[in-house]
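Each remark here refers to the structure printed beneath this line.
Per chain, numbering begins at 1; letters A, B, ... match sequence-line order. Hydrogens, waters and symmetry mates play no part in the numbers below; they use all other heavy atoms, side chains included.
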Amino acid sequence: METVTATLPALKTVTIDGIAVPIEGERNLLELIRKADIDLPTFCYHSDLSVYGACRLCIVDIAGRGIQGACSTPPEPGMTVRTQTDELRRIRQISIELLLANHDQQCPTCPKSTSCQLQDVARRLGVSQVRFKSVHSPRELDRSSPSLLRDPNKCILCGDCVRFCSEIQGIGAIDFAYRGHDVAVLPAFGHDLAAGECVNCGQCAAVCPTGALTPRPEVDEVWRALHDPKKTVVAQIAPAVRVALGEEFGLPAGTSASGQIVAALKRLGFSAVYDTAFSADLTVIEEANEFLRRKATGGRLPLFTSCCPAWVKFAEQHFPELLPNLSTCKSPQQMLGAVIKDTLPAARGIAPADVVVVSIMPCTAKKFEAKRPEFAKDGRAEVDHVLTTQELARMISEAGLRFSKLKPESYDMPLGFKTGAGVIFGNSGGVSEAVLRYAAEVITGTKVASPDFHAVRGEDGVRLATVTLGDTTLKLAVVHGLKNARALADKARSGECDLDLIEVMACPGGCIGGAGQPVSHDPEARRKRTRGLYDADKNLDLHSSQENPFVTECYAKHLGEIGGKRAHELLHTHYGNRRRIGDETIRLGEGPSEAKLNVRVCVGTNCFLKGSQAVLQGLLREVDENDLHDSVAISASFCFEKCERGPTVELDGKRIQRCQPEQAIAALREQLAAGKAPQP
Amino acid sequence: MRTPGRPASNGRKFEKVVTILERNGRRPARLIPILQAVQEEYRYLPQEVLTYVATALDVSPARVFGVATFYAHFAIQPKGKHLVRLCDGTACHVKDSLPILDAVRKRLGLEGKRQTTPDMLFTVETVACLGACGLAPVMVIDDQVHGQVTPETAVRLVEEVIAKEGQS
Ligand code: SF4
Ligand code: SF4
Ligand code: FES
Ligand code: FES
């Protein structure tokens, strides 16, 4: 017999605090240290984001090299690393003390209290005093956003928010500004957050270690409604909430706690509790029909989903020509709000003005969505208040309810009944799968054997799937993160995209990773919540929206035909171009402009890309060559919200769309010839 | 034809911005040199122009604002017609440059963090070192260097400029 001597490749290791830890593709020492189950505290390291190296908490002592930041040092075989020495401890403590000296230290009243990492790290590192004089000078709070509260007094400049917004969402609505003692994280030009291109996803708040960025609370308003005897207050609960709320009360992530949540809401004084998964079933039916109709009649494809309000605002700002590709379906939150407001007053014999709809959402952008003017009828919003999962947990604590002791209760019928298809909406890929479950039955004419479409499940930010149903092949993409969405939308805009359906969710993993969800220290939390929703689907009797008997009844009683007139009134909406930059104008002439012929050229992003700079230059030249400075005032504006037909030019108040330079000059001459402009 | 003597119009400045952007290939990596060139045109970085630069480079306006406020040589506020710079480098500092600054600011009625007079005639700044330490303390008015100034001479120099402005 032959002897085989196999030489094992020498294991490449780093010695961390005396223990050899193998290098297995870790990008930096910090990853390796954490793999060795040493939870070195940090503020500025995030595995999904680029390395910033600012907080200096991750410092370690490397033999022969001295003190280095672990997050920015790649592991090398043979390194000997110590994470705890007297010196390291002292430096870390000083870092924290410096942060605290520049912090407002209003901890007991901070919305982040108890989940604040600054507090946590200060305690863990044994910081018992701040030896530096406070250098904190108060700055004003930014309350402009319907979704977020920005408190610059609590910012520790870790930059996590900045990097999330630009690297994952591809937006960059906030960034570092100024220098030295004045450094701050600010929206463009120090304006309000709501004035710019922020899409309210809240992911900046989700990564913020302190109370500098937090979901904007509506708890007070909801208490007030609950305590008002005239009001009938009802709740709807989004799918993702049920597998996360328990985390705030010590349950493991992913535990479905629907029964306790309903019980808690009833104890808080809600008169009925409905399930947003019911209207997710409605969404599936409406959206799948819209999709199949477009597919069959050669309509605009790919169809983009429209249930994520952060994505919708993003598309309105950046992809005006793709708005016809967005499903006209309202999101489940708005569908349910509309149905409740339409049916409850008659059913209960109460005045429409006395019905208050509160939705419990994993999401901060839903707060913005509920306030969109499209979603109000006769001045009454379809959804009056939106509470995040975190806020509901706070209300439950405030009321002193022992969550785990609550006896589970069930949702109110009929709007509390759902199928598994509605429940998986909370996962990235869930909407696609729910639509496929419906489409499969319509296309093949038979009930599918297994409702699971694993092709659209998974964690990657972009997932492509081809699904064959009968003799129809459907090409789908599922994305989360708006930077990923932008890449696909760019392709769709330039016509290089042969996809049929694109599902977009702004948040990592879909709604289960929403910014309103509990702050979790479990890196597996997101995965567990995802699993929790798929398990909840399994545990239900029905898995396809078309099987929901109460949805069928709702069509029969209230909505009429699928995609019909009444359904459109209640369940569909429209979108509009939206400027991403506050109202700004570049004045390009001198002197007062009242007496002149005013010409405004749009140089917003979309018009710019369509060549508005050439239009502007043409007009300026015309004015210059003919010395029209005294009779014509030219200015450049950022977006007239008519982007899909840009470049837009406004001449004496009249809009010219798709305006080319020659056309603009001709119009100017004509106007001047007509003598409408006062001559100097 | 263009009337002679007309001041360079905003339109022409804007044309310059366009040229600057084209010359730099509208590359985001060229943001800093672009802003430098724009500031030469406008003497500061107007917000609308920054927005235009952001649009043309496809960089977020917040990032452009960040860069414009990070570097000391960029100004996001318009500067006055006359620029008064006082050296506060080590040499000038030990020769009591701060009282000079106070005197000039007081004469011009500048309070708090304000650097520019409301009539846009003067901007008063301090600079790190003008490299003329032999003449300390040094003050520069519109590129004219004055050495060994005292609070009194400094105020007089400023008043001379005011007087000249009054004549024209
Ligand atoms: S909410 Fe989203 S879009 Fe707005 S600043 Fe935060 S991360 Fe950016
Ligand atoms: S707002 Fe929060 S995440 Fe952003 S830099 Fe400040 S502390 Fe860090
Ligand atoms: S984690 Fe390394 S510097 Fe912050
Ligand atoms: S960019 Fe919106 S109308 Fe021009």
Exercise. Do you know which two heavy atoms are closest between B:Ala62 and A:Pro187, and how far apart they sit?
Worked result: CB-C, 4.3 Å

For this session: Evaluate the criterion side-chain contact (heavy atoms from CB on, under 4.5 Å) for residue pair A:Arg587 and B:Glu48; output intermediate values, then yes/no.
Result: CA-CA 9 Å; A:Arg587 305 236 287 116; B:Glu48 325 75 75; over 6 Å; no

Exercise. With a 4.5 angstrom heavy-atom cut-off, which part of B:Ala54 approaches chain A: side chain, backbone, both or neither?
Worked result: neither

Problem set entry | Residue part contacting chain A, namely of B:Ala68, when any heavy atom lies under 4.5 Å | neither

For this session: Let me see the working for A:Tyr178 and B:Ile76 under side-chain contact (heavy atoms from CB on, under 4.5 Å), right down to the final yes or no.
Result: CA-CA 11 Å; A:Tyr178 300 102; B:Ile76 55 162; 3.9 Å; yes

For this session: Grab the two heavy atoms, one from A:Ala177 and one from B:Phe65, that are nearest each other, plus how far apart they are.
Result: CB-CE2, 3.7 Å

Problem set entry | Residues, nucleotides or ligands: over 12 heavy atoms within 6.0 Å of A:Arg139 CZ | yes

For this session: Enter the distance from B:Tyr71:OH to A:Arg179:CZ here, rounded to the nearest 0.5 Å.
Result: 10.5 Å

Exercise. Roughly how far, to the nearest 0.5 Å, is OG1 of B:Thr69 from CG of A:Asp182?
Worked result: 9.5 Å

For this session: Specify the closest pair of heavy atoms between B:Ser60 and A:Gly172, including all atoms of both residues, with the distance to one decimal.
Result: OG-O, 2.8 Å

For this session: Taking all non-hydrogen atoms of both residues into account, name the closest pair between A:Phe189 and B:Pro61 and its distance.
Result: CE1-CB, 4.3 Å

Exercise. If you draw a 6.0 Å radius around NE2 in B:His82, do more than 12 non-hydrogen atoms from other residues or ligands fall strictly inside?
Worked result: yes

Problem set entry | Proximal component of A:Leu616, with respect to chain B [non-hydrogen, under 4.5 Å] | side chain

Problem set entry | Contacting moiety of A:Val162, where chain B heavy atoms sit under 4.5 Å | side chain

Exercise. Would the number of heavy atoms belonging to other residues, nucleotides or ligands and lying under 6.0 Å from CZ of A:Arg579 be above 12?
Worked result: yes

Seminar exercise, completed: Pair count under 4.5 Å, heavy atoms only, with chain B: among A:Glu197, A:Arg580, A:Gln613, highest is A:Gln613

Exercise. A:Val603 and B:Thr55: which non-hydrogen atoms are nearest, and at how many Å?
Worked result: O-CG2, 3.5 Å

Seminar exercise, completed: Counting heavy-atom pairs under 4.5 angstrom with chain B, the leader among A:Thr585, A:Leu609, A:Ile634 is A:Thr585

